[in-house]
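Just follow the structure's listing: the first ligand is 1, and inside any ligand the first atom is 1. Position 1 is the first residue of the sequence; numbering continues from there.
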Amino acid sequence: MAQLWGGRFTKETDQLVFNFNASISFDQKFFEEDIEGSIAHVVMLEKQGILTESEKNAIVKGLTGIRQDVQEGRLNITQEYEDIHSFVEASLISRIGEAGKKLHTGRSRNDQVALDMKLYTRGEIISIAGEIEELLLTLLAMMEDNLETYMPGFTHLQKAQPVTLAHHAGAYFEMFKRDSLRLKDIYARMNYCPLGAGALAGTTYPLDRVYTASLLGFEGPTLNSMDSVSDRDYLIELLSALSTIMMHLSRFCEEIIIWNSNEYGFVEIDDTYSTGSSIMPQKKNPDIAELVRGKTGRVYGALISLLTTMKGLPLAYNKDMQEDKELTFDAIDTVKGCLALFTGMLKGMKFNREAMAVSAMKGFTNATDAADYLTGKGVPFRDAHEIIGRLVLYCIDRDTCIEALSLEELKAISPVFEGDIYDAVSLKTCVEKRLTIGAPGSAAMQEVIRINREFMEKSWLKQADKETVK
Ligand code: ARG
């Protein structure tokens, strides 16, 4: 057991208590951020005359040495320390001696952990947004390639009106675009530095918090020291955004599972992304889509868990807040993994265009257009709706579709039908006449693709490379 706070105590901590309290098994995840934050802290301390130049140099050299030794496997992060902060400080003291004891001047683990977690999640936001970007580009390419891939559009999972695969993919493009923009907003809102808040009430040392914040790429320092050490809003916002990403992925997965079923046969998932059955030789299962759908629950769980942890906490820091870590790390890793796998699966997926078009023709998806045809010839819409309803019933009885009926059969139901009905209810016409922005007609889709290409070119991520997201 190696702790930073032995002075006030006369007895050793019970081992079970130590284990229960310790966080090093998981907070070593932000080992590098802890070092980065400490370096910025001592650079500022020296600028302010709180440390001498040689003390600062010794500490910075010690810290970079520790970082390198851990990265290269010469030094192990062991469980005898309470947390990663204790490990780094103890390693520094044993490496450089007296000067190492000055690292924690004007700092508490409360503002230190708040900083480390922010630095870590800030980097992860960029990395998740990068995964989303890859998915968006994949969807955009899918849209460009499938402007005339007709398929049924559904409401209530019943065939409703024909759309195209480009249009369907475009719906997900919009969802993931919003997800990316949500991450951008969260990044901008969280990008203020808590270091210097101390335990809760700032410090008596003349720290330059603006300087530390700028060294670490923040917009500026946080403005209330109590809030700084107890704010976990940015994690809750992030978990909420991650939950929404998973919800979107899960919906898409559900559709792919349906499309991949024997009954639909719209898609074939590449062998590299499917799995077999140990007993049924014919099986090729969409396990990846099912697992992504399944993992959605644990990300929602993380959000509810952290909201619940925070709900009764008085100001300022409380140890409950240590619970923010494992679930956030797990949610981030889960979402990144799911995004990468989903994109990979989508890239290799083959679409059975024929099966999709046949399915669109079979389900009376052109019934609305048939009614609109009659309306165009002067029949009031309500009457047209009724006539087409009877026509559909007639077709169901004979297991056929509107466009397969003879003109005599059609005229028997309504004399208004003429030879031009066949073109009016063809799949192509039904889609191509839908030309308002946002509709599936290919001219409308092309305009949307153009707008979204531009969005990708101006991507906020490109600016975030310089860590200056506003
Ligand atoms: N492991 C702690 C956490 O994650 C670090 C902060 C400890 N502060 C304290 N006052 N015990 O929250």
Side-chain angles (χ1 to χ4, degrees), residues 1-9 11-38 40-41 63 70 77-93 103-124 190 193-203 212 216 222 224-236 238-239 302 305-333:
M1 287 188 262
Q3 291 144 327
L4 297 172
W5 38 262
R8 188 217 179 282
F9 290 76
K11 289 200 245 166
E12 275 279 306
T13 318
D14 182 276
Q15 185 65 49
L16 276 179
V17 172
F18 180 83
N19 296 348
F20 188 64
N21 201 41
S23 53
I24 194 154
S25 63
F26 49 88
D27 64 16
Q28 55 183 278
K29 192 119 176 162
F30 46 56
F31 163 71
E32 288 184 18
E33 287 77 8
D34 194 74
I35 302 257
E36 188 191 349
S38 289
H41 183 60
L63 289 170
V70 169
I77 300 174
T78 52
Q79 304 294 315
E80 75 194 273
Y81 298 95
E82 181 185 338
D83 52 31
I84 194 64
H85 325 298
S86 316
F87 166 80
V88 171
E89 195 174 325
S91 306
L92 182 71
I93 293 168
L103 166 64
H104 211 51
T105 312
R107 189 176 69 171
S108 154
R109 274 185 301 165
N110 296 352
D111 59 344
Q112 186 179 0
V113 77
L115 172 69
D116 292 0
M117 191 65 180
K118 256 194 181 174
L119 287 174
Y120 180 81
T121 39
R122 191 179 68 177
E124 288 299 307
M190 75 179 274
C193 185
L195 197 62
L200 78 161
T203 83
T212 330
L216 293 166
T222 51
N224 181 291
S225 59
M226 288 216 270
D227 177 55
S228 308
V229 293
S230 67
D231 167 32
R232 298 295 181 272
D233 289 6
Y234 70 99
L235 296 176
I236 290 169
L238 177 60
L239 291 171
S305 180
L306 187 55
L307 278 168
T308 311
T309 297
M310 294 303 294
K311 77 180 264 293
L313 298 189
L315 286 174
Y317 177 82
N318 301 268
K319 189 69 177 229
D320 316 43
M321 291 169 178
Q322 178 169 288
E323 284 295 307
D324 63 355
K325 309 213 168 43
E326 286 161 286
L327 50 89
T328 304
F329 296 153
D330 182 70
I332 288 172
D333 292 345

(Q) For atom 7 (C) of ligand 1, which of the options Tyr317, Phe26, Phe30 provides the nearest non-hydrogen atom? (A)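 Nearest heavy atom to atom 7 (C) of ligand 1 lies in Tyr317.
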Which ligand 1 atoms, with their elements, are less than 4.0 angstrom from a heavy-atom of [X]?
X      : answer
Gln322 : 1 (N), 2 (C), 3 (C), 4 (O), 12 (O)
Lys325 : 3 (C), 4 (O), 12 (O)
Ser23  : 1 (N)

Q. In terms of the angle between their ring planes, are Phe87 and Tyr81 parallel, tilted or perpendicular, with boundaries placed at 30° and 60°?
A.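 Taking Tyr81 first and then Phe87, their aromatic rings stand perpendicular (interplane angle over 60°).
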Q: Check whether the side chains of Gln112 and Asp116 place a donor and an acceptor atom closer than 3.5 Å, and report yes or no.
A: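 No, no side-chain donor-acceptor contact under 3.5 Å.
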Q) Can you tell me the protein heavy atom closest to atom 10 (N) of ligand 1 and the distance? A)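 Ranked first by proximity to atom 10 (N) of ligand 1 is Asn110 OD1, 3.0 Å.
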Q: Taking salt bridge (charged side-chain N to carboxylate O under 4.0 Å, His left out) as the test, write out the residues that go with Lys325, two or more places apart.
A: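 Testing Lys325 for salt bridge (charged side-chain N to carboxylate O under 4.0 Å, His left out), a comparison that skips the adjacent residues, returns none.
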Q. OG of Ser230 to CG of Asn110: how many Å apart, nearest 0.5 Å?
A.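 It is 9.5 Å, given to the nearest 0.5 Å.
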Q | Ion pair check, Lys319 and Glu82, cut-off under 4.0 Å | A |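 Salt bridge flag = yes for Glu82 with Lys319.
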